[in-house]
Structures are given as C-alpha cells and as structure tokens.
Amino acid sequence: QVILSIICNCTRAYPEVVLYSLYAQIQSVNSERVSRAEKICSTLQRDSTSLLSKQVTSAFQLLEAFKGICRTDLSRNKRSKLHLWDDLQFSYERKECRALVIPLRINFQILLPASGEHVKRNQFPAEKRVKFLKFESKVSILASMQKPRRLFIIGTDGRRYSLLCKPHDDLRKDAKLMEFTTVVNRLLKTNPESEKRQLEILSYAVVPLNESMGLIEWVPNVRTIRDIMLKYYANRGINLDIHRIKALLDEDKSLSERMNNFSKVVEWYKPVLQLWFFDQFSDPSMWYSARNNYVRSAAVMSIVGYLVGLGDRHGDNIMISETVGSVLHVDFDCLFEKGTKLAVPERVPFRLTHNLVAAFGVSGVEGPFRKTCEVVTSLIRSNESVLMNILESFLYDPIMDWRIKSKRRQQEDEKLKPQIVMNAIRRKVRGILEIGELPVSVSGQVDAVIQQATSTENLAQMYIGWMPFL
C-alpha cells in the first residue's frame with residue numbers, strides 16, 4: 001500500500017513522465033504486474049481530477065498508436081520511406097499530445113541540487129518539458145533485421161526530433177542501464193577530479209512499451225566506428241577480406257599460429273580512425289577539444305562497461321559524435337559477462353583495438369586515457385554501496401531474462417545466477433583481479449584491464465565478426 005501510494009503521488013505530480021512506465025506495466029506479460037498497474041490506474045481515475053483522467057486517456061491512446069506502428073508487419077516491404085497514416089495506420093487522431101513528454105534524455109533527467117539540500121522547486125521544470133506538437137507524415141525504415149521505424153516529430157519548443165519505434169526487441173535492459181549511467185553521471189559531477197575533466201557518459205532515452213517493443217531517442221550527428229573505418233579503407237583501395245582473415249584465425253590452428261597471423265592482419269589494416277578526426281575537425285582548437293572528448297568518454301565507458309560486464313562491443317555498437325567527438329555506446333543486451341558464455345567466448349574487458357588507440361594521439365593509452373580510467377575506477381570504489389544497490393535491484397528483477405540469446409550461443413541456454421554475478425562485480429569494484437584474492441591499487445587494476453584489452457593473445461581468439469583487427 002505504501003509503494004502504491006508513492007507511485008500514485010508521483011503520477012499525479014509528473015504524469016507526463018510516469019505514464020510511460022505505468023503503460024509498460026499494464027502491457028506486461030506478467031499478470032501480477034498488470035493487476036497492480038491497473039489498480040494504480042483505477043486509483044488515479046477514482047480520486048483525481050478530471051484533467052488527470054483525460055491526460056491518462058490521451059497518453060495511453062498515443063502509446064497504443066506507437067505500439068501499433070511497432071506491430072505493423074513490414075516483412076514484405078522493400079521501401080525505405082513510408083507514410084505514417086497511409087502505410088503504418090497511425091491511430092492517434094490528434095495533431096498534438098500534451099499528455100506526455102517526448103522520450104528525450106533531457107526530459108527524463110531530474111534536477112537535484114549537488115549538495116543534497118532540499119530545494120522547494122519543481123524538479124522537472126516546465127521549460128525543460130518538450131511535448132508532442134506535431135507528427136510528420138514521413139517515416140524512415142532502417143535496413144536492419146527488425147526494420148525499426150524512425151518517426152519525425154516537432155516538439156513544443158519548435159525543434160525537430162526523431163524517435164525510433166523498435167519491434168521484436170526487449171528494451172528493458174537498455175532502459176535499466178541508462179538509469180545506471182544517469183547515477184554514474186551524477187557521481188561524476190560531484191567528484192572534483194572527474195568534474196575538472198568534465199567526464200560524462202553520453203546516453204539517450206529508452207522507453208519499453210512491453211517486453212518485445214519500445215521507443216528509443218534518436219541521437220543526431222553520430223556515426224558508427226565501423227562505418228568510419230570501412231569508408232577510409234575503401235577510399236584507400238583496401239578491401240575487407242573476411243574469408244581470408246577467418247581462415248588465418250581459424251580456431252583449429254594453434255594459438256601461436258593464430259597470434260602470428262593476427263599480427264600480420266593488423267599490419268594489413270593500418271589505423272585510420274585518427275584521420276577522421278583530422279578531416280572532421282579541421283580547426284586545431286576544435287580538433288583538440290574533440291579528441292579530448294573522445295579519449296575521456298571512451299575511458300569512462302571502458303571502465304563502466306568492464307564493471308557491468310558489457311560485451312558485444314563490435315564496430316556497430318560504438319558511435320562517435322560528429323559535432324563534439326564523444327563516444328556513444330548502443331545495444332546493451334550482452335551484460336554481466338554474458339559474452340564469456342558464448343560459443344566463441346569474449347576475452348577482453350572492453351574494446352581497445354589499434355584503431356581506437358591511434359585516435360588517442362601520440363601518447364596512446366598512456367596519456368589522458370589511463371588517467372581518466374584511474375579517476376573513474378577510484379570513484380567507483382568510493383561509491384560501492386550506491387552502485388551495488390542499483391545493480392542488485394537490476395539483477396534480481398523477476399521479469400528479467402538473463403539467458404544467453406545470441407547467434408553465437410551454446411547448444412543449451414545458460415541462465416546467469418544473480419548472486420554469482422553480484423560477487424564478480426563486487427570483486428571488480430574492490431580491485432580484486434581474477435587471478436588473486438587481495439585487492440590491488442587503482443593504477444594496478446587499470447593497468448591489468450588495459451593489458452587484457454590490448455593483448456594479442458586475447459584479440460586473436462575473439463569472434464571474427466567482432467573485427468578485433470580493426
């Protein structure tokens with residue numbers, strides 16, 4: 001009853017934000033969650049004003065329309081551009097919706113004072129709430145297997161935004177990890193060393209509609225590192241000969257032979273990512289700023305990814321901002337060391353291939369990258385209880401499915417045991433390496449994971465689709 005009362009009060013105070021979560025619970029496959037969510041709705045409609053009741057109805061109508069877009073079968077569709085109403089039968093009848101904020105990171109950030117003092121003001125100020133003013137008829141269909149639908153929206157601030165309606169994908173883990181990065185960002189703001197370096201994790205809004213579909217904020221002006229690298233190699237007449245590389249790194253060969261062959265392959269593909277920074281940021285001061293943003297953001301996500309066991313960091317899951325140079329990670333399905341359970345186990349704590357290192361500058365991993373890693377590692381150690389509490393609630397969520405779901409999976413799905421995972425994360429937080437029982441220094445731990453990430457022995461045994469040679 002206490003929790004029910006808290007949720008009802010939050011919904012009354014911030015309906016434009018909370019109704020997203022309430023709708024997702026009503027649409028859940030878990031009958032108990034549906035029952036409790038419906039109880040909250042009936043409580044709100046029974047004792048609230050008619051204005052809130054209308055707001056709930058309008059919000060749910062829009063979310064039903066988004067759900068309809070996700071459920072539209074596009075398996076036979078060959079076009080990349082569709083019409084929102086004619087082709088996708090968008091069911092929301094009005095032009096605007098003031099009942100919900102647009103799923104944007106800035107709309108979901110609560111503004112609390114850094115000191116923890118109580119401040120009598122709205123933590124979601126009205127000027128920050130961007131709502132739906134108009135839906136454009138054009139819809140772009142992305143060329144991936146699930147065919148996500150990109151919608152274009154005019155916000156109440158007059159700006160144009162994009163949302164991705166993603167079907168056939170459980171986005172709850174992505175949403176949970178975005179919550180975790182929000183907490184990490186708050187800790188980074190309160191630490192003098194990290195604040196001095198303006199350390200931050202670039203993130204985005206994720207809104208699950210149920211267990212199989214949801215909405216994702218479209219981050220503008222970003223490109224995958226795979227796209228950047230392959231374009232530069234193509235411009236130099238260097239083709240990616242996957243079949244030849246796969247033969248050279250075949251798992252039937254001895255480890256020493258695979259390591260020798262891997263070194264040869266790396267020589268074929270000289271680093272090019274640093275060239276993109278020169279071309280993209282032609283002004284020296286802009287280049288320097290962008291490179292610093294790149295190095296520091298890469299370091300922050302490397303350590304945070306190492307902490308939560310984030311895998312599957314291939315070139316399509318790491319993006320770079322074309323305006324500020326910061327790194328953006330996407331697709332967080334492979335969490336809590338799931339990558340080590342794949343048919344071809346992942347052996348590195350994060351991606352630190354020669355292309356990424358070359359873009360760090362002449363100092364490589366020895367400059368700002370290592371120092372930033374140490375600052376973040378130290379911050380994590382000093383905030384163990386805060387971070388572990390969040391991760392524990394994440395891991396023990398009863399509707400989270402932690403089984404291995406991958407094209408590279410083993411014959412039988414293996415379910416991760418939360419307590420084992422928690423113990424492994426706690427060891428990392430305390431600086432206990434896999435090979436020992438005593439904690440090492442912050443610099444010692446950072447040195448160990450960097451060596452592990454750049455080890456030729458580890459990279460030579462990685463899955464070929466991960467492209468460890470780029």
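Residue numbers start at 1 and run along the sequence shown.
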Intermediate values then yes/no, side chain to side chain donor-acceptor pair (under 3.5 Å), S28 and E211 | CA-CA 7 Å; S28 175; E211 287 83 350; 2.7 Å; yes
Could you check R381 against Q445 for side chain to side chain donor-acceptor pair (under 3.5 Å), going step by step and ending with a plain yes or no?
-> CA-CA 12 Å; R381 289 193 185 188; Q445 185 179 12; 2.7 Å; yes
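For I26 against V34, the heavy-atom pair with the smallest separation is O-CG2, 3.4 Å. Nearest approach of F281 to S321, heavy atoms of both residues: CZ-O, 4.1 Å. The heavy-atom pair separating Y161 from I102 by the smallest distance is CD1-CD1, 4.0 Å. Annotation for F108 and V101: closest pair CE2-CG2, 3.7 Å, computed over non-hydrogen atoms. Across all non-hydrogen atoms, the minimal contact from E267 to K270 is OE1-NZ, 2.7 Å. Looking at every heavy atom in both residues, C41 comes nearest to L22 through SG-CD2, 3.6 Å.
Using modelled atom types, no side-chain atom of R370 and backbone atom of I450 make a donor-acceptor pair closer than 3.5 Å. Checked by atom type and distance alone, the side chain of D174 never pairs as donor or acceptor with a backbone atom of D333 at under 3.5 Å. Between the side chain of N355 and the backbone N or O of L273 there is at least one donor-acceptor pair closer than 3.5 Å. Side chain of R427 to main chain of L433: a donor-acceptor pair is present (N/O by atom type, distance under 3.5 Å, no hydrogens or angles). With D170 contributing its side chain and S212 its backbone, the two residues share no donor-acceptor pair below 3.5 Å. A donor-acceptor contact shorter than 3.5 Å links the side chain of T224 to the backbone of D227.
Remark: R313 is not positioned above the aromatic ring of W466, lacking an NZ or CZ atom under 6.0 angstrom from the ring centre and at most 45 degrees off the axis.
Counted by atom type alone, T372 and R296 present zero donor-acceptor pairs between their side chains at under 3.5 Å. Side-chain contact of R226 with H314: a donor-acceptor pair under 3.5 Å is absent, judged by distance alone.
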List the atom pairs, with distances to 0.1 Å, where a side-chain N or O of residues 194-202 and a protein N or O form a donor-acceptor pair under 3.5 Å, not counting sequence neighbours.
residue, atom, partner, partner atom, Å
S194, OG, L188, O, 2.5
S194, OG, N191, O, 3.1
S194, OG, N191, OD1, 3.4
R197, NH1, E193, O, 3.0
R197, NH1, E193, OE1, 2.8
E200, OE2, R105, NH2, 2.9

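Ion pairing between a basic and an acidic side chain is recognised when a charged N comes within 4.0 Å of a carboxylate O; K338 and D312 show no such pairing. Classification of K253 and D250 as a salt-bridged pair fails, no side-chain N sitting under 4.0 Å from a carboxylate O. R79 and D87 are joined by a salt bridge, as a carboxylate oxygen and a charged side-chain nitrogen come within less than 4.0 angstrom of each other.
For residues 347-384, the ring pair (Phe, Tyr, Trp, His ring centres under 6.0 Å) pairs, not counting sequence neighbours, are Y294-F360, F360-F369.
In this structure, Y233 has its ring center closer than 6.0 angstrom to the ring center of Y269. For an aromatic pair to be called close, the ring centres must be under 6.0 Å apart, and F278 with W287 satisfies this.
Among residues two or more places apart in sequence or in another chain, the salt bridge (Lys or Arg N to Asp or Glu O under 4.0 Å) test is passed with K428 by E337.
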